[in-house]
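These figures come from a predicted structure and were not determined experimentally. Residue numbering restarts at 1 for every chain, and letters A, B, ... go by the order of the sequence lines.
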Amino acid sequence: MSRYTTAEIESKWQEAWARAGTFTAVRDESKPKYYVLEMFPYPSGKLHIGHVRNYTMGDVVARYKMATGHNVLHPMGFDAFGMPAENAAMAIGGHPKDWTYSNIDTMVEQMKPLGLSLDWSRMFATCDPEYYGQQQALFLDFLEKGLVYRKNAVVNWDPVDMTVLANEQVENGRGWRSGALVERRELTQWFFRISDYSEELLDALDTLENWPAKVRLMQENWIGKSRGLEFSFDRTDGGDPITVYTTRPDTLMGASFVGISPDHPIAKQLEADNPELAGFLAECRKGGTTEEAIETAEKLGYDTGIRVKHPLDPNWELPVWIANFILMDYGTGAIFACPAHDQRDLDFCRKYDLPVIDTFLDLDDPKPVENEAFVPPKEQKVKWINHFAGLDTATGQEAINATIDFAEKAGWGKGVTRFRLRDWGLSRQRYWGCPIPVVHCDTCGVVPEKKENLPIELPDDVTFDKPGNPLDRHPTWRDCACPKCGAPAKRETDTMDTFVDSSWYFARFTAPRATTPTVAEDADYWMNVDQYIGGIEHAILHLLYSRFFARAMHICGHLPEKSREPFDALFTQGMVTHAIYQTTGGNGRPVYHYPEEVDLRDGKAFLKETGAQVTVIPSAKMSKSKNNVVDPVDIISSYGADTARWFVLSDSPPERDVEWTAAGAEAAYKHLSRVHRIATEIAADEDGPQGSDEALLREMHKTIRDVTLGVESFGFNASIAKLYAFTNTLAKSKSGSAARREAAKTLAQLMSPMTPHLSEEIWAMLGGDGLIVNAPWPVADDAMLVDSTVTLPIQINGKRRAEISVPADMPKEEVEKLVLTHEAVTSRLDGAQPRKLIVVPGRIVNVVL
RNA sequence: GCCCGCGUGGUGGAAUGGUAGACACAGGGGACUUAAAAUCCCCAGGCCGAUGAGGCCGUGCCGGUUCGAGUCCGGCCGCGGGUACCA
């Protein structure tokens, strides 16, 4: 009997697919196209079991679509620019380019044995000059269409290293290398005008029916459309009025002070001749730029001494404070505070002893605010105190609308719609990214490069021995001629955010070698991505930026109208986690151990070498530094690719995190061996016993239905559970050999998206036509799916007490009669009539006593 | 802080508002074997009961809607993701 020898089987079929060119995508108008895409990886150097899970899911979809008659595009590439390459160059020497390409080679080598249905001929890395040169062309087109501009924006500034830090390089407000306190500093940066598309990006979310609702909701909140009132406070000193924006104008009678951002022009103006204020502002500018850092920082305030008049009462004066929690980026950078109905304002007012004035009270419990702000939902009716628009009881929303109307009629304010979404800053003061193709000329200003000069390539001769951007200190790269006047000029040394690279790679895959960003025929044929698969961590930024880019590319003629939304369906998969094994070293610091160094006994873990007990931290995200990363190469070499694929799909629902266990991998291998053995037996048993076929074939058709449903709805774990069950049925079946042969072939087909090599092997063994990868997907016969009898559970007062077996089409009245004579019911009814009898045909019966 | 998720046996998990725990792992028992491996069969949420019949409890916690809630609603707790320069 042939054995399940994975190495041999897997390479054999991979060669067969390669010879047949099975996965090379070619335009073919006679078939419906299907574009499956998994978010491409960052080339960290090692393929991670999480990658295996992600790509296997995409592969299941791709192979299933092939089997259902689609012309499939399933490409792969690398998101290859970014900080880790520069960090590696700083830490261990070498060049980011060499590090990156060597990592890519390694990862491709690790990916190929998985037998993924990828069209490798389309592969590229975003750091290929052929790719980023086309990205520079896009940038120039965007510039021409007014989609890019420059303005000031704040960055994390390390005052010791004299360099800009990424948010992740700021730890507890300090630079990760220098340890210096980080400051927020302004730099001139390039921006994409994504906020011009706020309304459209928001509205179009409704059309993305095949996206997870949670992702649409997150994007909706991120875009953050709000309606509010904009108006100005007049200053008592005659200075320029202070314009504020508020979403709660109904609370104006509870105003306590006017607050402005530390970055507000008034603050900056006062700073010049007020050293005390300058000190305060310096304090405000400490720390990183993240929203989290700003929101959770201690609330600080400074009374500017400026006073303003309340718009509804000229005798009411309010102080103007500078407060560190007010963002210059949102609204007008100035607010009025209503402490009674905003916890942050209340905390601030209590700290600085400012008045707290109630504007409305709870209908049921009308007590004034003390240390907890009263913030009811906007739909809740409340009791208004002295409302200027004459309201008594009304909801917050009604009051907001009434207030805006009132202010507009009175002429002192106007209702405006604002968005939280800010323009996308793309400048990075780093080397390993796509150079921004512009030149700074003393006479012409900022001048775009000529397209014929693209790509503007990164210079290779750079060093990372000093902090900062090596492009800035490169002796010759910066120097160039102005494309406009020819005079000596300087290149832009900022490179692009790596989110730019990943915002259009899906379009580039449709024509990866073209000398323009895209080619109309290819983009028209292959776009949109029919199924996009990736991590939930990309729910907002990557997906929102890509949606913007698709629109911008359409405007510039690089994508068709239909691609304004480039991803028709989105699926977000969970992470693969693994326990962390930790002991404490002599210096009291944690020491992390690899899984293979640890023995598991009686639910406890011990070091193999010393026998010392190890602390187990369960289900942590795999991380190189914690030594809990499982290398899929080991699993593939021990058990084969099909086992790795089968295991990452089984058990956990794809959208949820999955815990990797070696035992699970071994069990998956055992199962696949069993399937191989069963198929081998059936293949050898051509003239075996003839038995009843009906039951086996019925099960087979139900399995076709259930597995298909699972694959179509990303319920791969459910499909696999059905395949286990059907394998058990087949193993025990006493059916005739022809029926068993048909069942085994169908089983191989249903497994083929998950375990393509084993399925090809079994298909060949049982005399299937051609390659299984080209075989049409089995179709369930409806007639075989209906059962003639059903089991109905009988509940009494909602608790299951008995069950009856009835013909599936038995009328409700007959079921009721049967139930009322059932012993479990009569004994409890004790002669009385039930209060209610609920019969859900084919499902359940509930008797209410 | 704010936004979005998730929470079910020893473990991973299943369950269109309708029999909670399918399927699998680990575990226990048995068959085969000189023995082991491999394979095959059986058991298995907790408690009470006798290992039976049967009963009670049980899907993070508290409350609600419903004939019926793991599922829907409100409030908490815990964990995870994002928070605009990690990708």
Closest to side chain of A/Lys214, choosing from B/A14, B/G5, B/G81: B/G5

Between A/Gln169 and A/Arg177: side-chain donor-acceptor atoms closer than 3.5 Å: no

Using a 4.0 Å heavy-atom cut-off across all strands, classify A/Gln429 as base, sugar-phosphate, or nothing. base

Classify A/Trp424 by what it touches in the nucleic acid, base, sugar-phosphate, or nothing, heavy-atom distance under 4.0 Å. nothing

Who does B/G45 pair with, Watson-Crick or G-U, both distances under 3.5 Å? B/C57

Nearest-neighbour nucleotide for the A/Arg674 side chain, B/C86, B/C40, B/U19 considered: B/C40

Options B/C67, B/C23, B/G81, nucleotide nearest the side-chain atoms of A/Ile838: B/C67

Got a donor-acceptor pair under 3.5 Å from the side chain of A/Asn846 to the base of B/C67? yes

Once you apply a heavy-atom cut-off of 4.0 Å, does A/Leu217 come out as touching a base, just sugar-phosphate, or nothing? sugar-phosphate

Taking the P atom in each of B/G7 and B/G60, what is the distance between them to the nearest angstrom? 8 Å

A/Met328 CE to B/A84 P, straight-line distance once rounded to whole Å: 19 Å

Choose from B/G82, B/C41, B/C23 the nucleotide whose nearest atom is closest to any side-chain atom of A/Glu537. B/G82

For B/G80, the Watson-Crick or wobble counterpart (both distances under 3.5 Å): B/C4

Sugar-phosphate only, base, or nothing, as touched by A/Lys799 at under 4.0 Å among non-hydrogen atoms: sugar-phosphate

How close or far is atom C1' of B/C2 from atom CZ of A/Arg422, stated in whole angstroms? 13 Å

Test log, rule side chain to side chain donor-acceptor pair (under 3.5 Å), inputs A/Ser652 and A/Asn717: CA-CA 6 Å; A/Ser652 275; A/Asn717 56 323; over 6 Å; no

Whether A/Glu183 side chain and A/Arg185 backbone form a donor-acceptor pair below 3.5 Å: no

Mind checking if A/Arg835 touches a base, just sugar-phosphate, or nothing, with heavy atoms under 4.0 Å? nothing

Report the distance from atom CZ of A/Arg420 to atom C1' of B/C2, rounded to the nearest whole Å. 8 Å

Under 4.0 Å between any heavy atoms, over every strand shown, what does A/Ser427 touch: base, sugar-phosphate, or nothing? Just pick one. base

Once you round it to whole Å, what is the distance between P of B/G82 and CG of A/Leu541? 10 Å

First encountered from the 5' end of RNA chain B, between A/Met218 and A/Arg843: A/Met218

If you check every side-chain atom of A/Thr296, which of B/C40, B/G1, B/C23 has the closest atom? B/G1

Under the 3.5 Å rule, do the base of B/G1 and the side chain of A/Glu291 count as making a donor-acceptor pair? yes

Just the rounded figure in Å: distance from C1' of B/C86 to CH2 of A/Trp432. 17 Å

Euclidean distance, atom CD1 of residue A/Ile540 to atom P of B/C86 [Å, nearest integer]: 14 Å

Heavy atoms under 4.0 Å, any strand shown: does A/Ile720 hit a base, just sugar-phosphate, or nothing? nothing

Measure from CZ on A/Phe716 to P on B/A14 and round the result to the nearest Å. 14 Å

Taking C-beta and beyond as the side chain, do A/Val215 and A/Thr572 meet within less than 4.5 Å on heavy atoms? yes

Given the 90°-from-0 boundary between syn and anti, B/G9 should be labelled syn

To the side chain of A/Tyr724, which of B/A87, B/A24, B/G12 is closest? B/A24

Among B/C23, B/A84, B/C4, find the nucleotide with the atom closest to the side chain of A/Tyr545. B/A84

A/Arg828 or A/Met83: which one's nearest nucleotide on RNA chain B is closer to the 5' end? A/Arg828

Centroid-centroid distance, A/Phe571 to A/Tyr532, less than 6.0 Å: no

Identified pairing partner of B/U16, criterion: Watson-Crick or G-U wobble below 3.5 Å: none

A/Phe192 and A/Tyr545: aromatic ring centres closer than 6.0 Å? no

May I ask you to check whether A/His542 and A/Phe499 place their ring centres under 6.0 Å from each other? no

Expressed as a whole number of Å, how far does the C1' atom of B/G18 sit from that of B/A69? 10 Å

P atoms of B/G46 and B/G28, separation to the nearest Å: 16 Å

Under 4.0 Å, counting only non-hydrogen atoms across every strand here, what does A/Lys732 touch: a base, just sugar-phosphate, or nothing? sugar-phosphate

Base, sugar-phosphate, or nothing for A/His671, non-hydrogen atoms under 4.0 angstrom? nothing

What interatomic distance, in whole Å, is found between P of B/G82 and the corresponding atom of B/C72? 25 Å

NA contact type, A/Asn728, heavy-atom cut-off 4.0 Å: base, sugar-phosphate, or nothing? sugar-phosphate

Would you tell me whether A/Ser502 and A/Asp79 have side-chain atoms, one donor and one acceptor, within less than 3.5 Å of each other? no

Please give the distance between the C1' atoms of B/G17 and B/G64 as a whole number of Å. 16 Å

If you only use heavy atoms from C-beta on, which nucleotide in B/G12, B/C23, B/C3 is closest to the side chain of A/Asn221? B/C3

